[in-house]
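Since the model is a prediction, treat every value here as computed from it, not as a measurement. Reminder, nothing fancy here: chain letters follow the sequence lines and each chain counts from 1.
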Protein chains: 4
Amino acid sequence: MPDVGHNGPPVASEQLKSLIERLETLNAEKAEVAEYIKEVYAEAKGNGFDTKAIRKLVALRKHDRAKLAEDKAILELYASAIGCLDLV
Amino acid sequence: MPDVGHNGPPVASEQLKSLIERLETLNAEKAEVAEYIKEVYAEAKGNGFDTKAIRKLVALRKHDRAKLAEDKAILELYASAIGCLDLV
Amino acid sequence: MPDVGHNGPPVASEQLKSLIERLETLNAEKAEVAEYIKEVYAEAKGNGFDTKAIRKLVALRKHDRAKLAEDKAILELYASAIGCLDLV
Amino acid sequence: MPDVGHNGPPVASEQLKSLIERLETLNAEKAEVAEYIKEVYAEAKGNGFDTKAIRKLVALRKHDRAKLAEDKAILELYASAIGCLDLV
DNA sequence: AACGCATAAGTAAGAC
DNA sequence: GTCTTACTTATGCGTT
């Protein structure tokens, strides 16, 4: 009979611990990827590229893609609105 | 006979293209990890946890770690300032 | 006879102008203070101090103060979570 | 005769203390001005202005003296170098 | 004069 | 839906 004498439910405590660990692992992964990105920019700079321009370029391409997705979404919305989704 | 008739060095163009691709891959990975993090918070909320408190806790632990690293850094800075880095 | 023939409300234009002026004045003040800070660091360097170490020290003291506030915040968060805010 | 028996020069310690104090005072002033700036933006928002647009406007006026055309030119150079659109 | 750092601006997400 | 808070990006600054 475990956990006798505790005030709170032990399962919640375990769950919380697990959540924190998962979050910190994921945060570490994210930081690691960010580090890789910095390294790529450093390499670019080492090869004589203008990193500021590259950053701008990457951002522009990202926004372009987002816009494409948006256009596609609204297109499908229109299409569904007139009951001919299959044509898209 | 490659590159005849081009004005700029093609190798730079290839390098740039490669850099862009690597950066976009890494950015996609980062976004994916961020998505996982959101899912964990959603799960936590689904299990009745206070996500605000969890966020605070995670941030606090992160800041604690940062502070430790900072303290260590200033210690080394002081140590080097008095020419006895080996004592650290 | 003011404002006859204008399309937009002139009051908004006046307000906007005032806002911009105030913001630019405040920005100038901020830049001025930043300039003083630079001068203090220059003086420190002139007296043989390691400005990097001083910057680190100042930042550290600032972070310490921030951490105290943060600890207090999470304490209150926990307290409210268990319904006893008055005890804090 | 003060300071007999100390290893380091006490005057440096005093100087350092003074420097730190002056820096922290100036930093506080800077933070205060920053706070005022935030308040002005809050007031602007309260009066129905788009703060993002105002920030942009202020930034533009501040950097009107800069050479944005140069950045634009190098961007276009890179874009044309990789036939930008083909990658999309 | 280029590099890294540190602050500041802008953006996106989450809470109330 | 508004509002703040956290994160990301960008610019400028000091240093080497």
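- Counted within 6.0 Å of NZ on C:K67, heavy atoms from surrounding residues, nucleotides or ligands total more than 12; the atom is thus considered enclosed.
- You'll find the side chain of D:S18 reaches within 4.5 Å of the side chain of D:R22, heavy atoms only.
- Comparing C:T51 and A:N27 by the nucleotide of DNA chain F that holds the closest heavy atom to each, the one mapping nearer the 5' end is A:N27.
- Distance, C:K45 NZ to F:dT16 C1': 10 Å, rounded to whole Å.
- The distance between atom OH of C:Y41 and atom C1' of F:dT15, rounded to the nearest whole Å, is 14 Å.
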**OP:** Could you walk me through whether C:K56 and B:E70 pass side-chain contact (heavy atoms from CB on, under 4.5 Å), step by step?
**Re:** CA-CA 8 Å; C:K56 198 88 192 169; B:E70 225 168 33; 4.0 Å; yes

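- One interatomic measurement links the two molecules: CG of D:D50 to P of F:dC3, which rounds to 13 Å at whole-angstrom precision.
- Grouping Ile, Leu, Val, Met, Phe, Trp and Tyr residues whose side-chain heavy atoms lie under 4.5 Å apart, directly or via other members, places C:L23 in a hydrophobic cluster with C:L16, C:L19, C:I20, C:L26, D:V33, D:Y36, D:I37, D:V40, D:Y41, D:F49, D:I54, D:L57, D:V58.
- Backbone-only engagement by A:K52 is indicated by non-hydrogen atom pairs under 4.0 Å involving sugar-phosphate atoms exclusively.
- Regarding B:K62, its NZ atom lies at a distance of 5 Å from the P atom of F:dC7, rounded to whole Å.
- In this structure, A:K30 places its NZ atom 7 Å from P of F:dC7, rounding to the nearest Å.
- Under a cut-off of 6.0 angstrom, the local environment of CZ in B:R65 is crowded, with over 12 non-hydrogen atoms contributed by other residues, nucleotides or ligands.
- For A:K38 and B:R55, each mapped to the nucleotide of DNA chain E holding its nearest heavy atom, the one lying further toward the 5' end belongs to A:K38.
- The nucleotide range of DNA chain E contacted by chain B, defined by atoms under 4.0 angstrom from heavy atoms of the protein and reported 5' to 3', is E:dG14 to E:dC16.
- Summarising the geometry, the separation between NZ on B:K56 and P on F:dT5 is reported as 9 Å, rounded to the nearest angstrom.
- In this structure, B:H63 places its NE2 atom 14 Å from P of F:dT5, rounding to the nearest Å.
- C:T25 contributes a side-chain N or O that, together with a main-chain N or O of C:E21, makes up a donor-acceptor pair within less than 3.5 Å.
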